[in-house]
Structures are given as C-alpha cells and as structure tokens.
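In what follows, chains are A, B, ... by sequence order, proteins preceding strands, each numbered from 1. For clarity, every value in this text was computed on a predicted model and none was experimentally measured.
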Amino acid sequence: MIRVRGLNVDYDDVRAVSGMALDVPAGDVCGLIGPNGAGKTTTMRAIVGLIEPTDGLIEVAGVDMRERPQDARRLVAFMPDFAPLYEDLKVWEFLDLFAASYFVPKATRREAVDRHLELVGLTEKRDAMVLTLSRGMRQRLMLAKSLIHGPKVLLLDEPASGMDPQGRIDLKNVLKQLGAQGCSVLISSHILAEMTEFCTSIAIMERGRLVIAGPVESIRQRIMGAAVYELVTVDATQRDQVVRLLADDPLTGPVEGVDGSLAFPFAGGPEQASDLLAALIAGGVRVASFAPRREGLEGLFLKVGAKELS
Amino acid sequence: MNGQALRVFWDNPLIIKHLRSRLRPWPTATWVVVTVLGCMGVVWGYQVAFGSFGSGWEMQLILWMQIFLIAVQGGYQISAAVGGARESGIFEYHRISPLPPSWIALGFLLGAPAREWVMFAVTVPFAFLAASQSDIGPLGFLQLEVPLVLLGVLIQGLSLLVTLLMRKPKGATQGGAVALMVFAIAFSWPFVNLMGMITGILYDTEGVSRTLPFFGLPLHWFLFLLLYLGSAIGFTLTAVIRKARSDRAHALSKPLAIACLATTSALVLGATWDVRGNQYAVMTTLYVVSSWALLLVPTITVDRAEYARGLKRAWAAGKRRPGIWSNDASAQWAIYALASIVALACSISWEVLLGRARGSSSACVAVAFFAVALVGLGLQYAKLRLGRHGPTAFGVFLFLSWVVPLLVGVTLLSARVSEWVYSIVLAASPITGLALTCVAGPMLLNQRLQTIPGIPAIEAGDFVRLAAIGPTLTFACVFAFLLVAIQRRFDQVVRKAMTKQEEGTAMLATAQNPGPFVVPASKEQAASG
C-alpha cells in the first residue's frame, strides 16, 4: 500500500505540495485528479523518490522511503506520460536492462522479458530496435518495463497518452488485473471517463492540497448528496401523476425532466427505492425503467470545485 | 574487495547495456580497422619512409593517438551518453531503481566509452612494438601506459561530473564536450612532456634520480603519479556518485569539500617543498589553493529551499538549526574552514619557501584568506537574500569589485601613469592583488619607488598591501554581518510559515472529516412549497 502523511514539497520559492495525506490500500486503484499545476506529478515523483520532499512520511508496502530507499525502490514502479527509452537498444535488451537493474535473477530474466512482452502485445517486436517503435508501442514497452520486477506499488502519470484504442483496453485490463493481485495503483490522468471504469478510489488535488480522497462511492455520496434516480414512463402523459406521487415521499427531491423521462434526488437506500417503485406501480404509473444515475468522475471533479481541467 | 563487491564491474546492467549498444559488430569492426590502419601508418611511416623506427617519435605519436581516443573521444561519449539520458529523462529511472549510485556512475563511466577502450586496446601492441624498439623498452612502456590510462579515467570522470553538474541536460552535452576538449588539450601536451621527462629520468644514466621529491622525501615517480592522479580520481568519483544519487545533491558535502581542499593543499605543498627561496613557487601555491577553494565554494552553499528545508527538519527534530556540516545548513562555518585551510597552506608555503627573506610579505596570505571568505559568505548571502537571482547578482558584484579594477589598472598601465598608481589600482582586485602582494609588489615597489620624492619606498609598498587587503577585508566583514542577519530573518519567516501551515493542516483535517448525511435543502423547500 501507499501511505503518505504530512507531505510538503517546495520548489525554490513555491510550495508545490502542502500537507498531503493519502492512503492507497493494497488492491486499490486510485485516480489522482486535479487541474494542471495542482501538484499531481510532484506528488507522484516524491512518492517514487525522484524529488526529495521538504518533510513528511512516505511509505510503500510498509517500507519508509526515506529510511530504506533501496528496499522501497524494489517495490515501486513509475510510468510517466512521455516514455524515455534507449533508442540504441533492441526491445528485449531494454527490458533486460531494467530487469537486471531491479535484480531479477539471471535465470528467470529471459522468461520475465518474454512474458511481459506478451502482456503488452509486443512479442513480435522483440528483436526490433526501440528507435523503430511508434509512440503507442513505446508506451506499451514502458508499461512492460514498469511491471517487469513485479512491483507492489505502481504509479502511472498519464499512461494512456499516445496509446491506440487497443492499447487503452489492454492497459485497463492490466490495471484491473494488478488491482486483483493486490497491487496498489495510483494513476493520474485527464481522461476522467476512462478512469471511471477502473478506479476504485479517487483523490482530488488543487493548488498543492488534497481536497478530498476516498472510495469512489463514498466520495460520490459525500459530494453529490442524495443519489439521483432516473424514471422513464411508458406513457409520457403520466408526468403530473408521477410528480404528485413523488411529492408524497419524504425522501425524494424536486423532479426534473420532460415528458416520460424524469430525474429526482432520492435520499434513501435500495430498500426505500424498491418501496418507492412499488408505490409508483401501485399508483398506476407504467414504469419502463427506474435506476440510479451513475455520476462519472468528471461530475465529481467539477462539483468539488476544480475549474481548470485541460 | 569480495566477489559481491566486484559485481559492480561484471554484472553491472549499465555496463552491459553500453557493451551491447556500443559494440555492435559492424560499427566496432569499422573503427577497429581504421585504428589499425592509423597505427600501421605510423609504424610504416617511420620504418620505411624515414627509416628511423625506434627513435621514440613514433611512440609519442601513438601516445597522442591513445590520449585522443580515451580522453577526448571517450570523454565525449560519456558526456553524450549521460547528457542524452538526462535530457530524455531516463537517467531518473536509473536513480529510482534499486541500483546503488556507485553502480550507475561506474556503469556510465566504464560503459559509455566501450568502443574507445577497444580501439585503445588495438593501439597497445603497436605502442609496445614502438617502445621495445626504442630506448624506452618494455618496462618503460608499462610505466607510460599505466599513468596514461589513469589520466584518461580522470578526464572521463571530469567529463561525467561536468555533464551531471550542468542544469540543462542538452547544454550539458555540449558544455561538457567543450570543457572536455579544452581540458584534454591543456593536459595532454604537458602529459606527453611529462612522459618524456619520466623516461629521461629513468634511462638517463648520468646520475639522475628515478625519484621525485614529496615534502623533501624521495618518492618513486610511479607512486608519485599514483598519489596525485589517484587523489584526483577519488574525489572526482565521489562527486560523480553523489550527483548520480540525486540531481539536486551537492557535488561534495561540506566535510568532503574541506577534505578535498586539505588534500589539494598537501599535494601542492608536497610538490613545491624543495623549491626554496622562490617567490613564484609561493605565488603558484597561493593561486592554486585559493582558486581550488573558490571552485569548491559553490558546491557547498545552499539555496533558499534547501535552507528552509533544513530549518524545518531541524525544528521537527527539536533543534533550532541543522548541524553545521548538514547539507541543508548554511555554509558559513564550512567557508571559514576553507579560508583557514587556504591561510594555513599559504602560510606554510610562505614560511618554508621564503622565510623572512628581505622584501617578502605575508600580506598575500591575508588577501587569499579574505578573498575566499568574501566569495563564500557573499555567495551564501546572495543565495539566501535573492533566491535564484542571487548567483547572478553576486556575479555582477564580483565583476565590479574584482574585474573592473583589473581593467582600470591595465588601462593605467598602458597609459604609462606612475607605477605605484596602477599597482594600487591593480592590487584592489584580489586576482592581481595576490601576485602584487606576493611577488611583484616587493620586487617593484621596494626598489623603484625609492626615487619618488616625499614617499619612502616602504610606505609605497604598504599602500599596495593596504589596497589589496582593505576592500577584500571590508567586503568579507560586511557579508559576514549580512549573512548572520539574513539567517536570523529567514529563521523567523520560516517559523511563522510553519505555524500557519500547522494551523491550515488542522483546519483541512476538520474540513475533510465527513459529517452526517443531510437531506438537501431544496427538498425541504419543495415540500413546504
């Protein structure tokens, strides 16, 4: 897991990260979101040890980054938005270099290289020079490099930039797989719609501070308040009848929408929702669909107040 | 050194990486053939065309070729490899890997010039042939090649260090290469001459000793070279390893900088110990030791962020300030230590070499001490007071106080004004003030100014010494006072900021604490409506 407490990072006269406190448990895929300059990349770079923080505690998989950096580094992997590679190496040589750098045993190194090339779909490019790879392929190679030593903690900064649709799908699957294997993943991206699909928790940053953090559902409930339910009736003329019935329920809010497609906040849980549906049907409403609206990360992000999403 | 420690050489991933990329068969074979042809050309040229193979000149040519390969070409390759890795960002991935910094440093140092070392190896049989055919002989060949390899490693190490020190990696590649070329050219010619001197010492049968004096003691020339080159390589590699660990790390810690200056001073004193009665030897010691101290000063002064970080960490540990040798502490005391070493080394040199010889003056020792203190304290003050603009502003100050008097003095000299006038102006700049108080002042003023009516010679000499010490002493004291003041002010500002931050963090923690779920107000309004 990742554990950050009281993290402060200063650049000359500027405080880039201030009082950051964050937990990413094992198996959690946490999306770190915020406007440009919020301190996301600085936070990630501090966690992996690329920047020396002014003060604060950083632990990865229970190892203190400041006290035992060499041990901690064996457990962490970092993948940036723009993949720097050695262009004068072959693809397998590049992976072998980093496998050796992370002290993957010599006997299993070749097998590890081949397995990770297959994982990211680059087996056919095994003997190609890195120079000849497209940007998307470079990102895949960087992902393979990041995973080759079996990290317990993975940090990704805009990992999908430059990837083709298939690459993005593969990335999502890999992240889900890593989460299932107990790896803590912290991912920063501006493509919030994609993050919605695999993030189990989020952390929103603004001006160097962590505004809010926690499981997606919990954050959704805290930020958005009551869940918004969507109701579609078979007969559009029943709108007034629906509004009247909903007004009788103390847990529902003002109804919006036209014709047969309506939306309203509902403060109750699934049990109360089921009762409400039964009451509507009993009241003669012909219900075509009745379900809570799933609020994406964009909605949460905008609701929190971060304005400058690029 | 056990087998595990030796893995840094034979199982170093970065060395293996460079061996793979730089020793691909076709390019390597091409360059090996070119080198072989070059060496064969030298041998053939002297043996067939001039009929003088074995004269020693062909050995010198091959030595030049070897220096070019390992110092210029090898150094350039290191600079390009590290500059490129820093520019692309991949160097940082080595830093965050579990590879120790020493492995990273040695990986680039030994790996990047792999092809150049192969080409060097190709020249060795030709050098051996040339040496064995001449008076140098097989043993002399070995005694030439080993120091040459050490010098090559030193230049490559310096190239690596320069590239790691440059702020902008792209510029680092170019800047490192330019610095390297200048350095290699500057050092290779004396080196070849030194080789000639050494072979002369070894094979001259007219009673010349095979030893070189070190603090008056005869030291075998080979050990002498190892002592000097070994020390230089040791400190260079230490700095490289520190920079390989972190981009923001200082090349040398404060204790290391002091140790480096002390070692340099000892080596300079050891080499000049027997040159008695020679003011130029004292002057050389003065300039070498002072210049080295001035070069070390920027490596230990801290910027605002580092100083603030040090203060915060110290307070978190219940201390008022970090320890004086801490990397994040003000360099104030370390600068006094550097200046003291300069003063000590110069005093020893002056006392041993000149004693109380007529006309000599120890004012040069004071000038050297205050010059180092001025630069160190001034730079530290400027960095704390003006942030990132500090070094530039201090550079302007040094230009005005050190370079402008020099220019004015040279102008007065060319305008043929009175000797003591331009001497006083020139002495105001420590660049020339050191020489004037050490050599030129006593020589010129004590002899010639006796003809100036109304001004006794000894007083004219004192004017020059006063002009040399006065401004340097004044500025050093002013900066010492200002530095203490800015440190106090900084302490207060950072302490206030820390207090505010703690309050802010407490407020943020309260704000983040989720409260009970509340039905939105709009629902109540709707119900009432």
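Across R45(A), R74(A), E93(A), the residue that shares the most heavy-atom pairs under 4.5 angstrom with chain B is E93(A). Per-residue heavy-atom pair counts under 4.5 Å with chain A were compared for A249(B), P13(B), P100(B), A85(B), and the maximum is reached by P13(B). Of the listed residues (P69(A), G214(A), P84(A), A99(A)), the one with the most heavy-atom contacts under 4.5 Å to chain B is P84(A).
Y102(A) touches chain B through backbone and side chain together, each having a heavy atom under 4.5 Å away. Within the 4.5 angstrom heavy-atom criterion, only side-chain atoms of F94(A), from C-beta onward, approach chain B. Using a 4.5 Å cut-off between heavy atoms, R22(B) makes no contact with chain A at all. Residue L14(B) touches chain A through both its backbone and its side chain, counting heavy-atom pairs closer than 4.5 Å. No part of M20(A) comes within reach of chain B, as not one of its non-hydrogen atoms sits under 4.5 angstrom from that chain. Residue contact with chain A, scored on non-hydrogen atoms closer than 4.5 Å, is absent for A308(B). Both the backbone and the side chain of I96(B) come within less than 4.5 Å of a heavy atom of chain A. In this structure, the portions of P80(A) lying under 4.5 Å from any heavy atom of chain B include both its backbone and its side chain. Looking at M65(A), there are no atoms closer than 4.5 Å to chain B (heavy atoms on both sides), in backbone or side chain.
Within the model, atoms OH of Y93(B) and CZ of F98(A) stand 9.0 Å from one another, a figure rounded to the nearest 0.5 Å. To the nearest 0.5 Å, atoms CG (D11(B)) and NZ (K106(A)) are separated by 4.5 Å. Put simply, OG on S97(B) and CZ on F103(A) are 7.5 Å apart, with the number rounded to the nearest 0.5 Å. For the atom pair S21(B) OG and K90(A) NZ, the distance stands at 12.0 Å (nearest 0.5 Å). One distance of note links CZ of R309(B) with OG1 of T54(A); it measures 6.5 Å at 0.5 Å rounding. Put simply, CD1 on I90(B) and CG on L85(A) are 6.0 Å apart, with the number rounded to the nearest 0.5 Å.
More than 12 heavy atoms of other residues, nucleotides or ligands sit less than 6.0 Å from atom CZ of R66(A). More than 12 heavy atoms of other residues, nucleotides or ligands lie within 6.0 Å of CZ in R5(A), so this atom counts as buried by the packing criterion. Heavy atoms of other residues, nucleotides or ligands lying less than 6.0 angstrom from CZ of R207(A) number 12 at most. Counting non-hydrogen atoms of neighbouring residues, nucleotides and ligands closer than 6.0 angstrom, the CH2 atom of W31(B) reaches no more than 12 such neighbours. Residue-environment remark: CZ (R109(A)) exceeds the threshold of 12 foreign heavy atoms within 6.0 Å. Crowding of E256(A) atom CD: a count of heavy atoms from other residues, nucleotides or ligands under 6.0 Å not exceeding 12.
Separation of the H18(B) and Y86(A) ring centroids does not fall under the 6.0 Å cut-off.
Contact check on K312(B) versus D10(A) returns a salt bridge, with a Lys/Arg side-chain nitrogen under 4.0 Å from an Asp/Glu carboxylate oxygen. Contact check on E52(A) versus R313(B) returns a salt bridge, with a Lys/Arg side-chain nitrogen under 4.0 Å from an Asp/Glu carboxylate oxygen. Using a cutoff of 4.0 Å between basic side-chain nitrogens and carboxylate oxygens, R20(B) and D96(A) are scored as salt-bridged.
Although no hydrogens or angles enter the test, the distance criterion places a donor-acceptor pair under 3.5 Å between the side chain of R24(B) and the main chain of D88(A). Using a distance-only test at 3.5 Å, with no hydrogens or angles considered, a donor-acceptor pair links the side chain of R73(A) to the main chain of R95(B).
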- Between H94(B) and L97(A), is a side-chain contact (heavy atoms from CB on, under 4.5 Å) present by the stated rule, with each step listed? CA-CA 10 Å; H94(B) 296 306; L97(A) 164 66; 4.2 Å; yes
